[in-house]
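Accompanying notes for the structure given below.
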2 protein chains.
Amino acid sequence: MIKEERFELIRGELAKKGIVDGDELAALLDVSRATIRRDLDSLEEQGLLKRTHGGATAADSEDELPFHSKLAAYSREKRAIGNAAAERMPSGAVIGCTGGTTVMSVVKALKGKPITVVTNAINVAMELAPWESAQVIVTGGTLRARSYELVGHIADRTLGEFHLDIALLGVDGIDIERGLSTYTIAEAHAAAHYMSQAERVWVVADHSKAGKVAPALIAPISKVHCLVTDPGIDPGLRSRLEAAGLEVVLAEM
Amino acid sequence: MIKEERFELIRGELAKKGIVDGDELAALLDVSRATIRRDLDSLEEQGLLKRTHGGATAADSEDELPFHSKLAAYSREKRAIGNAAAERMPSGAVIGCTGGTTVMSVVKALKGKPITVVTNAINVAMELAPWESAQVIVTGGTLRARSYELVGHIADRTLGEFHLDIALLGVDGIDIERGLSTYTIAEAHAAAHYMSQAERVWVVADHSKAGKVAPALIAPISKVHCLVTDPGIDPGLRSRLEAAGLEVVLAEM
DNA sequence: TTGTAAACGTGCAAAAACGAGCATAAAAAT
DNA sequence: ATTTTTATGCTCGTTTTTGCACGTTTACAA
């Protein structure tokens, strides 16, 4: 029996029982405990399980969170932006939220506020689920692979039934000429739909997005009422954005 | 038996009974009282329970994790049921899923299988999000407070647009006379709707639900094709269920 | 309030598990 | 065929965990 074969069996046992015992594995696979320990070490290094004394437990099944990696970038700035945006959010507002890590920071800071949230991002909904203060409406739709956003005609139809006080958008690019943009058409479409249903449009983005243009265009700057970003934004760009009639809020850090 | 295994069983007992006795645990786990006391100390430090003289009670700060605590009750049985149900799930099937911890166990075991899942539970959707093998459709709707289920006319309308191969239901009670039942009307309504859209109905429930009747009735036993449960079910009850034309699958533990 | 029995905590010794190093055996490369 | 690499099992010293003993504290009832 080769190593990979053992790895497979160990993972199988782990999936079946949740907890494995070193002695049992040694007997089951007919190898020494030393080998089992080395195997468990390897598997732990791959993040497939968590070692304990005497065996191992299933790793907290956050196997592939494509968001965790992104969250690391500018996380300080995102947190500050989240707090600033949440602070300015009026109680009782009906808010439409796209997905995205910056929007998630705002949602986290909104905990406990009496608001209504309409969203097509299930991670936003999950975050608010334990809090009775917020009423949460999920649009429904098809879950985009490796994302947490719902898209398609179901999402569109549901969103069309709501009037929003504020559309809260996270974007990948914000530019004077080209306006708001993001990486995928589906996200751009959802963002544009939120804007069309909303009284006011707030954009949250760290300063690295300012001046950038991503492939999928959403809308011109003129449609945006407020941008919440961090103090790292270029002052000249900020002036031009304000000259375009956009309120720019700099989060305190 | 390793320490983590004891921890899990202690949490399970706690979730089942709400209060545990040190002597009972010592007898059940076949370790000394000193070890039990040390275990309880550890678990208290993790905030998973509250120590008392002679044992421990469930921690009351369940605001943050309304789900984790529930998961502990019969977690071994639920995992076994999840594996058994997932194994019997045909590739490519279109499955409708309610929420509930037992259904979540099945969904976790379905990782990597090529299936289509229609669900009104956002935690189910979150679990499947990283896996490209599954196509996930979320019904949308209003998020029930402190739960992860979407309800209301949006959920109904979306669900009505789908034909399901299998309705996968988690219930709180399954009884010969009264049929399937659950704790809230909203959940019962959702479950009944899944049933009406599905070719076949599978119910997953640990043996503690067998013979019980919860307040909100869903449907009679005759509408169910298959029950996946654990070997702890009363043999007489099992016979009567099978006599009623229901296939009963006992998960291997 | 006071007595009593059960439970608690601490110190200590035994047992189990761990990590590191080394020798052997198998596999791969030369 | 021989060398190099890799994998496995074993030993030994160290760390962690467990069980027991004993004095102290707590809960319950008279």
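Only this structure's heavy atoms are used, side chains among them; waters, hydrogens and symmetry mates stay out. Every chain is numbered from 1, with letters handed out A, B, ... down the list of sequences.
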side-chain N/O [X] vs [N] OP1/OP2, d < 4.0 Å:
{"X": "B:His53", "N": "D:dA27", "value": "yes"}
{"X": "A:Arg33", "N": "D:dT8", "value": "no"}
{"X": "A:Thr35", "N": "D:dT8", "value": "no"}
{"X": "A:Arg38", "N": "C:dC18", "value": "no"}

From [atom1] of [X] over to [atom2] of [N], roughly how many Å is that when rounded to an integer?
{"X": "B:Glu5", "N": "C:dA17", "atom1": "CD", "atom2": "P", "result": "13 Å"}
{"X": "B:Ile36", "N": "C:dC8", "atom1": "CD1", "atom2": "P", "result": "11 Å"}
{"X": "B:Lys3", "N": "C:dA15", "atom1": "NZ", "atom2": "C1'", "result": "15 Å"}
{"X": "B:Ile19", "N": "C:dA7", "atom1": "CD1", "atom2": "P", "result": "13 Å"}
{"X": "A:Glu24", "N": "C:dA16", "atom1": "CD", "atom2": "P", "result": "16 Å"}
{"X": "B:Asp39", "N": "D:dT16", "atom1": "CG", "atom2": "C1'", "result": "14 Å"}
{"X": "B:Met1", "N": "D:dT18", "atom1": "CE", "atom2": "C1'", "result": "14 Å"}
{"X": "B:Leu29", "N": "D:dT17", "atom1": "CG", "atom2": "P", "result": "17 Å"}

So which nucleotide from [options] ends up closest to the side chain of [X]?
{"X": "A:Asp23", "options": "D:dC20, C:dA7, C:dA17", "value": "C:dA17"}
{"X": "A:Arg6", "options": "D:dT8, C:dG9, C:dG19", "value": "D:dT8"}
{"X": "B:Ala34", "options": "D:dG9, D:dG19, D:dT8", "value": "D:dG19"}

Legend entry - Stepwise side-chain contact (heavy atoms from CB on, under 4.5 Å) test for A:Val136 and B:Thr142: CA-CA 6 Å; A:Val136 181; B:Thr142 305; over 6 Å; no
Inset, instruction - Kindly indicate whether the side chain of B:Ile115, heavy atoms from C-beta on, has any atom under 4.5 Å from the side chain of B:Leu110. - result: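 SC-SC contact between B:Ile115 and B:Leu110 confirmed.
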Legend entry - Side-chain-base donor-acceptor pair under 3.5 Å for A:Arg37 and C:dG19: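 Checked by distance alone, the answer is yes.
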Legend entry - Sugar-phosphate only, base, or nothing, as touched by B:Thr52 at under 4.0 Å among non-hydrogen atoms: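 Since only primed, P, OP1 and OP2 atoms lie under 4.0 Å of B:Thr52, the category is sugar-phosphate.
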Legend entry - Pair listing, side chain to side chain donor-acceptor pair (under 3.5 Å) test, anchored in residues 206-218 of chain B, at least two apart: B:Lys78-B:Asp206, B:Asp206-B:Ser208, B:Asp206-B:Lys209, B:His207-B:Asp230
Inset, instruction - Between A:Arg51 and B:Asp41, just flag the one whose closest nucleotide in DNA chain C comes earlier from the 5' side. - result: B:Asp41
Inset, instruction - Answer with yes or no whether the side chains of B:Thr182 and B:Glu187 bring together a donor and an acceptor at under 3.5 Å. - result: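 On atom types as modelled, these side chains qualify, holding a pair under 3.5 Å.
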Legend entry - Shortest non-hydrogen separation from B:Leu128 to B:Ala134 and the atoms involved: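 Result for this residue pair: CD2-CB, 4.3 Å.
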